[in-house]
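Read the structure below first, then the notes.
Below, all heavy atoms of this structure are taken into account, side chains as well, without hydrogens, waters or symmetry copies.
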Amino acid sequence: MKQTIYLIIALVAILISCGKKDSTVTPDPSSPSTDPTEDTSYGPMLSQPGTFVRGADVSWLSEMEHDGKKFKDTDGNDNDCFKVLAQIGCNTIRLRVWVDPKDGWSGKDDMVGLAKRARKAGMRLLIDFHYSDFFCDPSRQIPPYAWKDFTYEQTKDAIALHTTEILNALKAQGLEPEWVQVGNEITPGMLFPHGQLWDSNGELPNNYTRLSGLTNSGYNAVKSIFPNAKVILHCNNAFENKNWWYRRMKAAGAKFDIIGLSHYPMDNTSKTYSEMNKAAFDNLKLLENEFKVPVMFVEFGTKSSSQSQAKSCVEDFQNRFNALELSKYCGVIYWEPEVYGGWKPAVYTSTDKEWNKYHTGSATLNWGSYNMGAFTATGQPNDAIKTLLNNSDNQ
């Protein structure tokens, strides 16, 4: 009888404690804020799905603001960067997400915070999964440190889990991306060695089958959370024909809704920007004709050293877009236009040799600042980005 009484008292104590709010408990930092006093309302969108994309990837923005960088609108007044971009015609924001970045920037919380701000400014959203702790591109496709010893099957499961976790975090904030990239510039593959297509000896066994297994794991996870989101497979160098790559991926069973390309027309010493633009648009048409899916320039940039030339490059680019049947193409996103004044992330000068060696292949990391930003020294949009985002046509 005494044991029964003790049990009842214990159960009552548990129920009472469950009903209390412990003011000493720290919220899980991996979960976006759900503070009932927070304004989570979103206004009308600047443009609707299907509208031509004029966008910007501003994934560095919160880090820049942390470092004291400010932005001005076209009237010269201090203003929020998203509002400045909206003022000059931007209707879409692209944001990257890393698994466990060294300093937290471009991690889940940082990305969700930027996505909320973008949506409040009326922007549509594109989420770019790198499936790494740092930048991925053709020179670097390194698994997150926490996944480095995973088998191929474990890596597929990790992709699905990570993709689901990130997209659920967005969904919890009432945010729905219109597009999701599964991998960034994955021309040579991703998550090496599991999704690597070739090495110095040539093609690897079952290479496209293995890579498509990884991208499909991301694709399926995206559709499980946001069935209407369009999934992008992304390659670099739009001036090079990429039909062969998408052909091999499709034959291996890869699923994708949109083809994404990077295009930096002033970043080539052997071709003029006009030649680069022509080649990119020729390839754009070849891709659309063969695969019958929309094509998007998910990354675009011009050299900031010559603003008049950069503007001319953009005008040449725009004229070629205007000559197309635009319903077959999604649009263009400028990569990190907000960078100005020689700013660069602190991690670029990291002295953590172990981290540097794993994520970059070098024990010493000391990169220069990004040279294709499109804001002036006073933090205002320059003529090139204003020309690219001008929404007076192609509504």
Side-chain angles (χ1 to χ4, degrees), residues 57-64 66-67 69 95-108 110-111 128-150 152 155 158-159 162 181-204 207 210-211 214 234-237 240 262-264 266-270 298-299 301 303-305 335-336 338-373:
D57 184 320
V58 292
S59 301
W60 270 325
L61 178 59
S62 51
E63 188 175 2
M64 290 183 68
H66 177 269
D67 290 349
K69 289 293 184 182
L95 297 170
R96 64 177 165 268
V97 61
W98 295 333
V99 176
D100 188 20
K102 176 180 174 61
D103 47 17
W105 303 117
S106 292
K108 179 176 70 174
D110 183 38
M111 183 277 292
D128 174 17
F129 283 89
H130 282 233
Y131 300 119
S132 184
D133 298 332
F134 196 52
F135 284 111
C136 282
D137 55 44
S139 68
R140 179 188 302 104
Q141 291 287 339
I142 301 171
Y145 189 80
W147 303 4
K148 66 184 179 66
D149 296 323
F150 283 6
Y152 175 74
T155 300
I159 289 172
H162 171 64
Q181 271 185 234
V182 289
N184 191 78
E185 292 190 332
I186 60 172
T187 310
M190 70 181 193
L191 288 157
F192 288 8
H194 299 305
Q196 188 170 356
L197 294 180
W198 55 78
D199 61 18
S200 58
N201 295 315
E203 289 200 6
L204 297 171
N207 50 357
R210 291 173 68 83
L211 177 57
L214 298 178
H234 175 204
C235 284
N236 67 314
N237 290 353
E240 299 172 339
S262 294
H263 184 48
Y264 296 94
M266 297 177 72
D267 197 24
N268 191 309
T269 58
S270 62
V298 296
E299 291 185 21
K303 295 286 188 183
S304 57
S305 57
W335 197 79
E336 301 286 10
E338 81 284 10
V339 175
Y340 72 93
W343 179 88
K344 61 181 176 180
V347 74
Y348 277 22
T349 55
S350 170
T351 58
D352 186 337
K353 293 183 179 180
E354 181 180 355
W355 188 91
N356 288 342
K357 186 69 174 176
Y358 181 79
H359 292 285
T360 72
S362 172
T364 302
L365 178 65
N366 191 10
W367 296 350
S369 61
Y370 177 57
N371 68 350
M372 296 193 202

**Report entry** Side-chain donor or acceptor of His194 paired with backbone N/O of Phe150 under 3.5 Å
**Finding:** yes
Requested in this report: Answer whether the closest heavy-atom distance between the side chains of Lys303 and Asn371 falls below 4.5 Å.
Outcome: yes
**Report entry** Quiz item: cation-pi between Arg96 and Trp60, 6.0 Å / 45°
**Finding:** yes
Query raised in the report: Between Thr187 and Asn236, is there a donor-acceptor pair closer than 3.5 Å when you use the side chain of the first and the backbone of the second?
Result: yes
Query raised in the report: Within a radius of less than 6.0 Å around OH of Tyr145, do more than 12 heavy atoms belonging to other residues, nucleotides or ligands occur?
Result: no
Query raised in the report: If you measure from CG on Asn356 to CG on Asn366, what distance do you get to the nearest 0.5 Å?
Result: 10.0 Å
Report task. Please tell me if the side chains of Ser369 and Trp343 come closer than 4.5 Å, counting only heavy atoms from C-beta onward. Result -> no
**Report entry** Tyr131: which of Val182, Leu214, Thr155 passes side chain to side chain contact (heavy atoms under 4.5 Å, CB included)
**Finding:** Val182
**Report entry** Heavy-atom side-chain proximity of Val339 to Met64 below 4.5 angstrom
**Finding:** yes
Report task. With Arg210 as the cation and Tyr152 as the aromatic partner, state whether NZ or CZ is under 6.0 Å from the six-membered ring centre and within 45° of the axis. Result -> yes
**Report entry** Test item: side-chain donor near acceptor, Ser350 and Asp352, under 3.5 Å
**Finding:** no
Query raised in the report: Are side-chain heavy atoms of Ile159 and Leu191 found at a separation under 4.5 Å?
Result: yes
**Report entry** Whether Trp355 and His359 hold their rings parallel, tilted or perpendicular, with breakpoints at 30° and 60°
**Finding:** tilted
**Report entry** Ring geometry between Trp367 and Phe134 (parallel below 30°, tilted from 30 to 60°, perpendicular above 60°)
**Finding:** tilted
Query - Asn207 side chain to Leu197 backbone, donor-acceptor under 3.5 Å - result: yes
Query raised in the report: Taking atom CG of Asp133 and atom NZ of Lys102, what is their separation to the nearest 0.5 Å?
Result: 11.0 Å
**Report entry** Within-4.5 Å side-chain heavy-atom neighbours: Met266 and Met372
**Finding:** no
Query raised in the report: Between Trp98 and Phe135, does the ring centroid distance fall short of 6.0 Å?
Result: yes
Query - From Leu204 atom CG to Trp198 atom CH2, the distance as rounded to the nearest 0.5 Å - result: 10.0 Å
Query raised in the report: Quick one: CD1 on Ile186 to CG on Asp137, what's the gap to the nearest 0.5 Å?
Result: 12.5 Å
Report task. Examine distances only and state if a side-chain atom of Asn184 and a backbone atom of His130 form a donor-acceptor pair shorter than 3.5 Å. Result -> no
Query raised in the report: Where is the tightest heavy-atom contact between Gly368 and Tyr348, given as atom of each residue plus distance?
Result: O-CD2, 4.0 Å
Requested in this report: Check whether any side-chain N or O of Ser132 sits under 3.5 Å from a backbone N or O of Ile142 as a donor-acceptor pair, and report yes or no.
Outcome: yes
Query raised in the report: Could you give the distance from OG1 (Thr364) to NZ (Lys357), rounded to the nearest 0.5 Å?
Result: 9.5 Å
Query raised in the report: When the aromatic ring centroids of Tyr264 and Trp335 are compared, is their separation below 6.0 Å?
Result: no
Requested in this report: Could you tell me whether the side chain of Asp57 and the main chain of Ser59 form a donor-acceptor pair under 3.5 Å?
Outcome: yes
Query raised in the report: Under a 4.5 Å cut-off applied to non-hydrogen side-chain atoms, are Val298 and Glu185 in contact?
Result: no
Requested in this report: Check whether any side-chain heavy atom of Thr349 sits under 4.5 Å from a side-chain heavy atom of Lys344, and report yes or no.
Outcome: yes
